[in-house]
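In what follows, every chain begins at residue 1, and chains take the letters A, B, ... in the order their sequences are listed.
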Amino acid sequence: MFALVDVNSFYTSCETVFRPDLLGKPVVVVSNNDGCIISRSAEAKKLGIKMGAPYFKIKDELRRQNVAVFSSNYALYADLSHRVMSILMEMAPAVEVYSIDEAFINVTGVANCIALETFGRQIREQILKNTGLTVGVGIAPTKTLAKLANFAAKTWSKTKGVVDLSDPERQRKLLALVPVDEVWGVGRRIGKKLNQMGIENALQLAECSTWVIRKHFNVVLERTVRELRGEPCLEMDEFAPAKQQIICSRSFGHRITEYRDMQQAVCAYAERAAEKLRAERQYCCVISVFMRTSPHAENEVFYGPQASGRLAIPSNDTRDIIRVAGQALERIWQDGFRYMKAGVMLSDFFSQGVAQLNLFDDYQPRHNSQALMQTIDRLNLSGRGTVWFAGQGSQKNWAMKREMLSPGYTTRYADLPVAK
DNA sequence: TCTGGGGTCCTAGGACCC
DNA sequence: TCTGGGGTCCTAGGACCC
């Protein structure tokens with residue numbers, strides 16, 4: 001038996017925790033670069049503000065409706081997320097952190113001691129008390145049904161945020177009420193195709209023959225169908241598997257036309273990617289760089305090349321990553337374009353920085369690599385300040401736009417809230 | 001002027017091998 | 001008139017998720 005716990009309007013709720021004056025008011029959070037809407041408070045949803053709407057298009061409307069707007073403050077959200085997850089880990093025997101704002105819990109044994117719905121309510125109370133955030137809880141025999149139960153808990157207020165879907169009869173009733181594209185694993189494309197085949201709601205999908213699904217779609221959707229019927233196909237993944245790739249990419253605050261600016265941006269992304277790689281305790285061999293012009297711009301030719309380079313020996317030393325990324329960039333750079341975005345991707349990971357060497361390989365091992373990287377990481381994690389490589393430059397013409405950023409309430413000493 | 005970022009899994013097709 | 005069968009590995013692209 002699974003429970004899915006997720007935080008309601010996570011990003012906006014994080015903002016209002018520290019701004020109680022905004023409670024009950026429409027609040028939205030916009031993506032990096034103040035690009036589009038990625039989180040809305042209940043009041044903002046009521047105003048009809050759409051998820052993913054480009055901010056520049058609805059800016060005036062938001063001002064007219066008196067909507068509070070925040071740039072994304074991921075340092076804040078990640079910190080509150082950790083707090084929520086550690087409460088869950090105290091209360092439940094097994095927790096799978098599925099995303100920044102949701103987790104699956106294994107509640108198989110819990111029913112022997114306490115009604116599952118009661119357990120769901122206890123989780124809710126505990127998290128609200130300790131973090132100020134409200135969660136929804138969906139309980140069911142498969143992950144896909146637990147997702148659906150959670151959807152029901154959010155959609156119908158009389159559930160008071162908790163839905164136990166253990167009972168098969170209840171499952172059928174709910175499935176019949178839910179449009180097929182609300183099912184976990186059914187996105188826009190597949191939803192549309194299912195509609196064309198006459199499958200409108202989740203119950204119809206559950207009753208569809210797996211043979212038909214396999215023929216017209218794939219094994220992934222077949223698993224979804226089985227899960228909807230109550231047959232578990234997905235298990236708890238309590239321990240995050242090792243990453244296979246790491247991407248660090250950003251849109252620029254302004255279009256970039258100068259090679260020098262692009263070099264700096266790529267250097268900064270390479271540094272950040274290397275930092276993530278070390279946090280994973282991994283080493284990589286392949287470093288790719290990509291960049292692109294705006295796909296939306298009319299009267300401009302789209303250009304979006306990618307290039308990669310390989311290290312002879314797996315490394316997580318920022319200097320190696322920057323060097324190869326710089327060489328890759330050199331190969332794809334073209335003057336005359338207005339670049340919107342770039343990124344650095346690491347892949348081909350190893351758990352150690354060693355490789356079988358050829359007899360005639362000629363390479364110079366670095367003696368100070370580990371100690372230097374550790375020192376950099378420790379400084380940057382301390383919350384007291386940061387150090388970076390000179391290749392990033394100091395002008396940062398490429399830096400992203402975050403004009404409505406809230407303070408680092410929990411992650412910067414200077415921004416700690418003061419109780420009066 | 002202006003449309004996020006970071007992942008995973010699966011499949012199809014090409015290169016190459018015997 | 002005509003050109004096997006079976007396998008592996010790699011990459012690109014498409015779908016999904018939050």
Would A:His254 count as stacking on B:dT1 if stacking means ring centres less than 5.5 angstrom apart and planes tilted under 30 degrees? no
Could you tell me if A:Tyr77 and A:Glu15 have a donor-acceptor pair between their side chains, going purely by distance under 3.5 Å? yes
Between A:Gln244 and B:dC9, is there a side-chain N or O to OP1/OP2 distance below 4.0 Å? yes
Quick one, A:Trp184 and A:Leu234 - any side-chain contact, counting heavy atoms below 4.5 Å? yes
Residues of residues 61-77 of chain A with a heavy atom under 4.0 Å from any atom of DNA chain C, listed by number, are none
Less than 3.5 Å apart, any donor N or O on the side chain of A:Glu61 or A:Gln65 sitting next to an acceptor on the other? yes
Please report the distance separating the C1' of B:dC17 from the corresponding atom of C:dG4, rounded so that it comes out in whole Å. 14 Å
With nearest nucleotide decided by heavy atoms, which residue, A:Lys243 or A:Lys401, maps closer to the 5′ end of DNA chain B? A:Lys401
I want to check one thing: is the phosphate of B:dC9, taken as OP1 and OP2, less than 4.0 Å away from some side-chain N or O of A:Arg223? no
With a non-hydrogen cut-off below 4.0 angstrom, is A:Val183 in contact with a base, only sugar-phosphate, or nothing? sugar-phosphate
By nearest nucleotide on DNA chain B, pick out whichever of A:Phe56 and A:Ile247 is the more 5' one. A:Phe56
Does A:Glu222 form a salt bridge (Lys or Arg N to Asp or Glu O under 4.0 Å) with A:Arg226? I'd like the steps, not just the answer. CA-CA 6 Å; A:Glu222 182 187 335; A:Arg226 291 178 187 278; 2.9 Å; yes
Among the candidates B:dC10, B:dG7, B:dC2, find the nucleotide nearest to the side-chain atoms of A:Val220. B:dC10
Quick one: do the A:Thr108 and A:Asn106 side chains pair a donor with an acceptor below 3.5 Å? yes
By the 4.0 Å heavy-atom rule, please label A:Gln245 as base, sugar-phosphate, or nothing. base
Stems involving DNA chain C, each a run of at least 3 consecutive Watson-Crick or G-U pairs under 3.5 Å: B:5-18 with C:5-18
Show the numbers, then the answer: is there a salt bridge (Lys or Arg N to Asp or Glu O under 4.0 Å) between A:Arg121 and A:Glu117? CA-CA 6 Å; A:Arg121 302 214 178 280; A:Glu117 195 178 318; 2.9 Å; yes
Establish, from distance only, whether the side-chain atoms of A:Thr410 and A:Asp79 form a donor-acceptor pair under 3.5 Å. yes
Any side-chain N or O of A:Ser249 under 4.0 Å from OP1/OP2 of B:dG4? no
Give the rounded distance in Å between these two atoms: CD of A:Glu280 and C1' of B:dT8. 14 Å
Phosphate oxygens OP1/OP2 of B:dT1: is one of them under 4.0 Å from a side-chain N or O of A:Arg338? no
Rounded distance in Å - CE (A:Met51) to P (B:dT3): 18 Å
Under 3.5 Å, is there a donor-acceptor pair linking the side chains of A:Thr144 and A:Arg223? no
Let me know the distance between CD of A:Gln306 and C1' of C:dA12, rounded to the nearest Å. 10 Å
CA sep, side-chain torsions, deciding dist, call: A:Leu4, A:Lys143, side-chain contact (heavy atoms from CB on, under 4.5 Å): CA-CA 8 Å; A:Leu4 178 73; A:Lys143 281 181 158 182; over 6 Å; no
Heavy-atom closest pair, residues A:Asp261 and A:Trp398: O-CD1, 3.5 Å
For A:Tyr98, answer base if it contacts any base atom (sugar-phosphate contacts may also be present), sugar-phosphate if it contacts only those atoms, and nothing otherwise; contact means non-hydrogen atoms under 4.0 Å. sugar-phosphate
Choosing from B:dG6, C:dC18, B:dG4, which nucleotide comes nearest the side chain of A:Lys276? B:dG6
Separation of A:Arg40 atom CZ from C:dC18 atom P, in whole Å? 14 Å
Would you tell me if any nitrogen or oxygen in the side chain of A:Ser251 comes within less than 4.0 Å of OP1 or OP2 on B:dT3? no
What is the distance from CG of A:Leu221 to P of C:dC17, rounded to the nearest Å? 10 Å
Please report the shortest heavy-atom distance between A:Ala103 and A:Met85, naming the atom on each side. CB-SD, 3.8 Å
Among residues 185-215 of chain A, which ones have heavy-atom contacts with DNA chain C below 4.0 Å? A:Gly185, A:Val186, A:Gly187, A:Arg188, A:Arg189, A:Ile190
Give a yes or no on whether A:Lys59 atom NZ has more than 12 heavy-atom contacts from other residues, nucleotides or ligands under 6.0 Å away. no
Distance in angstrom units between A:Phe290 CZ and B:dG7 C1', rounded: 12 Å
What is the nucleic acid contact for A:Asp101, judged by heavy atoms within less than 4.0 Å: base, sugar-phosphate only, or nothing? sugar-phosphate
Strictly below 4.0 Å, N to O, side chains only: are A:Glu300 and A:Arg255 in salt-bridge contact? no
Options B:dC10, C:dC18, B:dG5, nucleotide nearest the side-chain atoms of A:Val219: B:dC10
To the nearest Å, give me how far apart CD (A:Glu96) and P (C:dC17) are. 16 Å
Whole-Å distance between B:dG6 C1' and A:Tyr11 OH? 10 Å
